[in-house]
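Read through the structure below, which is laid out as structure tokens, and then see the notes.
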Amino acid sequence: MKPFDQDLYDENDKVAKEAVRDLIKYKWGFESQEGEKYGVDLVIAGGSGVWYAEVERRHNWVGVFSYKTVHVPYRKKKFFDKFEETALFAVSKDLSQTMWARGKDILASPVVNIDNRYMKNEPFFDVQVGLWKTVQLLPF
């Protein structure tokens, strides 16, 4: 598993979660709060009850998302297994847009192993881009 990197966390976590929280509040009218430490990122109250969101910032996404699949780290599986109503929000580098997919669609996707700058042979869910919904972030 990829080791935790405090610098990456500090650079990305707060701004990406704030962007998604604003989207959830102003676009859909739902309130959200931070999840527990080491738990899912956001807990959202609204709609048919409570649901959950995991948030990632994608530095390789600038402008139009031009890939056919989205790689979701396999280590995120624990959140999708624990809470059935969990979505993953992938936020663009410039924080102008996000795309989200349901955990059940991510879990149903094939797993591939990929070498990246952080580790070799890291497992990822290989999720078809058609399973994601893209949304403009603030300002709407």
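Scope of the values below: all heavy atoms of this structure, side chains included, with no hydrogens, waters or symmetry mates. Positions are given from 1, in the same order as the sequence printed here.
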Would V112 and H71 count as a side-chain contact (heavy atoms from CB on, under 4.5 Å) here? Give the steps.
CA-CA 9 Å; V112 296; H71 292 146; 4.3 Å; yes
Distance in Å, I114 CD1 paired with M119 CE, rounded so as to fall on 0.5 Å steps
11.5 Å
Quick one: pull up CZ in R58 and NZ in K93 and give me the separation to the nearest 0.5 Å.
14.5 Å
Taking every heavy atom of E11 against every heavy atom of V15, the minimum-distance pair comes out as O-CG2, 3.7 Å
Would K104 and E84 pass as an ion pair if we require N to O under 4.0 Å?
no
Among the clusters formed by ILVMFWY side chains lying less than 4.5 Å apart, do V111 and V129 turn up in the same one?
yes
Quick one: pull up NZ in K120 and CG in N113 and give me the separation to the nearest 0.5 Å.
13.0 Å
Checking S109 against D126: is there a side-chain donor and acceptor pair closer than 3.5 Å?
no
Under a single-linkage definition using a 4.5 Å side-chain heavy-atom cutoff for Ile, Leu, Val, Met, Phe, Trp and Tyr, are I24 and L95 assigned to the same hydrophobic cluster?
yes
State, with a plain yes or no, whether a side-chain heavy atom of S96 is found less than 4.5 Å away from one of Q136.
yes
Of R102, E54, M99, which meets side-chain contact (heavy atoms from CB on, under 4.5 Å) against L88?
E54
Within a strict 4.5 Å, meaning less than it, do heavy atoms of the T98 and L23 side chains meet?
yes
Taking the ring of Y52 and the ring of F83, is the distance between their centroids below 6.0 Å?
yes
So R75 and P123, do their side chains get closer than 4.5 Å, heavy atoms only?
no
K133 to W100 six-membered ring, cation-pi geometry met (6.0 Å, 45°):
yes
Does the side chain of H59 come under 3.5 Å of the side chain of N12 through a donor N or O and an acceptor N or O?
yes
Heavy-atom check, side chain of D94 versus side chain of V62, under 4.5 Å
no
May I ask you to check whether over 12 heavy atoms, not counting those of F65, lie within 6.0 Å of atom CZ?
yes
Is there a donor-acceptor pair under 3.5 Å between the side chain of S32 and the backbone N or O of V43?
no
Hey, does D41 have a side-chain heavy atom less than 4.5 Å from the side chain of D13?
yes
Assigning hydrophobic clusters by single linkage (Ile, Leu, Val, Met, Phe, Trp, Tyr; side-chain heavy-atom cutoff under 4.5 Å), is F124 placed with F80?
no
With rounding to the nearest 0.5 Å, note down the distance linking CG in N60 to OH in Y67.
4.5 Å
Hey, quick one: are V70 and Y74 part of the same hydrophobic cluster, counting side-chain heavy atoms closer than 4.5 Å, chains of contacts allowed?
yes
Are V20 and F79 joined in one hydrophobic group, where the rule is that I, L, V, M, F, W and Y side chains link up if heavy atoms are under 4.5 Å apart?
no
Would a 4.5 Å heavy-atom cut-off, applied to side chains only, mark V55 and R21 as touching?
no
Distance in Å, T86 OG1 paired with K76 NZ, rounded so as to fall on 0.5 Å steps
11.5 Å
Should L137 and D22 count as side-chain neighbours, where that means a heavy-atom distance under 4.5 Å?
no
Scanning both residues in full, the closest heavy-atom pair of A16 with R57 reads CB-CB, 4.2 Å
Going by the angle between their ring planes, with limits at 30° and 60°, are W51 and F30 parallel, tilted or perpendicular?
perpendicular
Is it the case that E122 and N116 place a side-chain donor and acceptor less than 3.5 Å from each other?
yes
Is there side-chain contact between D105 and W132, with at least one heavy-atom pair below 4.5 Å?
no
Please give me the minimum heavy-atom distance between E85 and V50, naming the atom from each residue.
CB-O, 4.3 Å
